[in-house]
Amino acid sequence: MIINGVTIDATFAEAFPMKATRAIITAQNEKWAMISAQAMTGFATSVIACGCEAGIERVLDPSETPDGRPGVSIMIFAMGGKGLAKQLETRAGQCVLTSPTSALFAGIDGGKPIPLGKNLRYFGDGFQVSKVIGGKRYWRVPVMDGEFLAEATTGQVDAVGGGNFLVLAESQPQALAACEAAIDVMRKVPNVIMPFPGGVVRSGSKVGSKYKALGASTNDAFCPTLKGMTQTELSSEVESVMEIVIDGLTKEDIDKAMRVGMQAVCDLGAANGIKRISAGNYGGKLGPFHFHLQEIMA
Amino acid sequence: MSALTFTLKYRPDQRVDLSPLVCQNLEGKEIAEIAALELQSGKAKLRVDALFNISFGDAQNIVIKNSFGKLDFIGKKLNGGSIRVEGDAGAYLGMGMKSGSIRVTGNAGLYAACEMKKGTLQIDGDAGDFLGGALPGNKMGMKGGLILVKGNVGERAGDHMRRGTILIEGNAGDYCGSRMTAGTIAVMGQTGRYLGYAMRRGTLLLWSQPQLSASFNDCGAHTLGFLPMLFASFKSLNSRFADAAVGFNRVRRYAGDMAEAGRGEVLVKL
């Protein structure tokens, strides 16, 4: 398949079941809600070493937030429920509780309830106050700038992590420009995050390594500087490859994000140095979710 | 299907226990069975049809017409469905109700919604003492649900209250929120003496400055983020509490009762 001069490989991205949750952070203004959200989703690019994958889903209008203040919706993905709950609580405690004027609310009503402010309340040292409003329990924790308001729990749901596609370009600036264009449109898709810095990862990995201690190592088949010394996947004119990884609540959400992202890359086309779009997989043996690029773009 | 309607034929001298006339008890019964139910009135037992004209209908939707203040225990332990009382209700209205809704177009007597667990109770007139309170000797009052009183309430509203919300558009008598363990009582009008007497936790939300005892400590003026959410949750009510203009988030906070656990609060609109 070729779109606007860009070859869509007959391959698929392979993704895994994950557990996910969403939280809403509000603050006096969007600036401080965003600062808190960025802190909470920091160092959360990959479960390989971060314990979770997290990202900002979108900015929320005051009319969309529980307390009527500007807010930001964040999502966290982990391989299991226990790990997710621990990451959520630790990050909320260190990054939202501490952030001036912040409040923290559930972003998913259904699913399995996991603690959000339920345990953070003990920071209140006995001065915390519970309020049940509209059937939901909130904790008011006294802090130095007033009160930290946090919903007791949020919902944990089954999700999908590891959707991806690779952008193969003639140069590094062209690969990055294409990925930026893709991320711009993908961020408008609900229920997905792109957890890597700016949504783009330049160090895609393969499973395993020559070093026993490492479970993953550089994806040498897509490293342009190794074209002459490894079983490369790259043609001679490809000089840079970047990857976009997508975690979503459902396979359909990831499908949609991949479609609009790949379309944005194709819109730039061969004229802007984009040669191919490919995807990372493990031969279909590890993940039950397969995203066939050509089917998505059909 | 129209409502199952009980229209009072006459006003008996003795008080009447109406607790059998709740939705879950009448569901599936024929009109003859309902008519034959007996209601305790003093030492006597009265058949339902001796006291009421019955208009058969949906048992989940009960209407009591011509009601007056000696009809006690209306909606006792109600577990789903709705009861509309046209007129006044006696004592123990909605006592221990588990779910559903009750509306009284007139006044209600003592112990309305005492030990209520869930559901909604609306009184368009006034309510007597111990609204949402605990029965004498018991330690747990209202445990959940919402009470809306459009008029005034008597003394000891929310006595021993543990959870839930009491909204009072009018005035509250003495000892409002006494011995509260938790929950929220909002009073738009004036409050009496000994507000929050021996309260351990919970919130008393007031529109007017109360006369506070010395065991409540001034914690200063604050903007509290949960208040707009609380007011927003009243939006669907047929009440002045639903009016966005009456809400506020700027309050003076008093902590107390320091003679007890002292984790309760009185929030007064600024």
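Order of the sequence lines fixes the chain letters, A, B, ..., with proteins taken first and strands second; residue numbering starts at 1 for each chain.
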Does atom CZ of B/R103 have more than 12 heavy-atom neighbours, drawn from other residues, nucleotides or ligands, at distances under 6.0 Å? yes
Using side-chain contact (heavy atoms from CB on, under 4.5 Å), reason through B/E265 and A/R140 one step at a time and then give a plain yes or no. CA-CA 12 Å; B/E265 62 182 359; A/R140 298 162 51 200; 2.5 Å; yes
Between A/G134 and B/S233, the two heavy atoms sitting closest are N-CB, 4.3 Å
Bottom line for A/F105: the part with an atom under 4.5 Å from chain B's heavy atoms is side chain
Atom NZ of A/K251 with >12 non-hydrogen neighbours under 6.0 angstrom: yes
Give a yes or no on this: more than 12 heavy atoms of other residues, nucleotides or ligands lie within 6.0 Å of atom CD of A/E89. yes
As an exercise, state the distance from NZ of A/K131 to CZ of B/R163, rounded to the nearest 0.5 Å. 12.0 Å
With rounding to the nearest 0.5 Å, note down the distance linking CD in A/Q128 to CZ in B/R201. 9.5 Å
Backbone N/O of A/F127 and side chain of B/R263: donor-acceptor pair under 3.5 Å: no
What part of B/T203 gets closer than 4.5 Å to chain A, counting heavy atoms only: side chain, backbone, both or neither? both
Taken to the nearest 0.5 Å, the spacing of B/L227 CG from A/D67 CG works out to 12.0 Å
B/K269 atom NZ: more than 12 heavy-atom contacts under 6.0 Å: yes
Separation between CZ of B/F231 and CD1 of A/I133, rounded to the nearest 0.5 Å: 10.0 Å
Is atom CZ of B/R162 surrounded by more than 12 heavy atoms (other residues, nucleotides or ligands) closer than 6.0 Å? no
So does A/F196 have more than 12 non-hydrogen atoms from other groups sitting under 6.0 Å from CZ? yes
Verify the neighbour count for atom CZ of B/R250: are there more than 12 heavy atoms of other residues, nucleotides or ligands below 6.0 Å? yes
